[in-house]
Amino acid sequence: MEEIVNKLLAAAEHTASATFDLIEAAREGGPFPHGNIVTGDTLSILADAMRLLIEAMPGEDEDRTQLHGAVTRYLESAL
């Protein structure tokens with residue numbers, strides 16, 4: 001149970017971080033040339049949050065399994 005809670009908290013932290021990047025870029029009139037959005041960091045952070053959320057969810061279904069695989073492959077290729 002503690003592992004699930006830790007994954008949910010990490011997913012929430014990642015989502016909050018990405019949300020800050022998005023709000024900051026919007027307030028400044030668009031993404032910065034070398035900011036987290038342009039470099040892909042924000043997308044990777046959101047993808048990792050999605051991976052953690054899927055792993056914390058109970059049960060399995062085919063669509064979720066496929067999404068988890070796609071997100072995992074994306075994260076591995078982004079390294």
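As a basis for the values below, the full set of heavy atoms in this structure was taken, side chains included, without hydrogen atoms, waters or symmetry mates.
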Sequence neighbours excluded - side chain to side chain donor-acceptor pair (under 3.5 Å) pairs with any residue from residues 68-79: Glu55-His68

Which residues share a side chain to side chain donor-acceptor pair (under 3.5 Å) with Asp21, sequence neighbours left out: Asn36, Thr42

same_hphob_cluster(Leu75, Leu43) at 4.5 Å side-chain heavy-atom cutoff: yes

Other ILVMFWY residues reachable from Met1 by side-chain steps of under 4.5 Å: none

Fellow cluster residues of Ile37, listed by chain then number, with links counted only when side-chain atoms sit under 4.5 Å apart: Leu22

Residues forming a side-chain contact (heavy atoms from CB on, under 4.5 Å) with Ala56, sequence neighbours excluded: Ile4, Lys7, Leu8

CG on Asp41 to CG on Leu46, rounded to 0.5 Å: 11.0 Å

Counterpart residues, salt bridge (charged side-chain N to carboxylate O under 4.0 Å, His left out), relative to Asp48 (two or more places apart): Arg51

For Leu9, all residues meeting side-chain contact (heavy atoms from CB on, under 4.5 Å), sequence neighbours excluded: Val5

Scan the side chains in residues 24-33 for donor-acceptor partners under 3.5 Å anywhere in the protein, sequence neighbours excluded, and list what turns up.
none

Set of residues satisfying side-chain contact (heavy atoms from CB on, under 4.5 Å) with respect to Thr19, sequence neighbours excluded: Thr15, Ile23

Residues that Thr65 engages under side chain to side chain donor-acceptor pair (under 3.5 Å), provided they are two or more places apart: none

Reported CD-to-CG distance for the pair Glu13 and Asn6, which is rounded to 0.5 angstrom: 11.5 Å

Minimum-distance pair of heavy atoms, taken over all atoms of Thr39 and His34: CG2-O, 3.8 Å

Qualifying residues under side-chain contact (heavy atoms from CB on, under 4.5 Å), relative to Asp63, sequence neighbours excluded: Asp61

Least distance between heavy atoms, Ala11 atom then Leu53 atom: CB-N, 4.3 Å

Side chain to side chain donor-acceptor pair (under 3.5 Å) against Glu60, all qualifying residues, sequence neighbours excluded: none

Ala47 to Val71 - nearest heavy-atom pair and separation: O-CG1, 3.2 Å

Nearest heavy-atom neighbours spanning His14 and Ala49: CB-CB, 3.7 Å

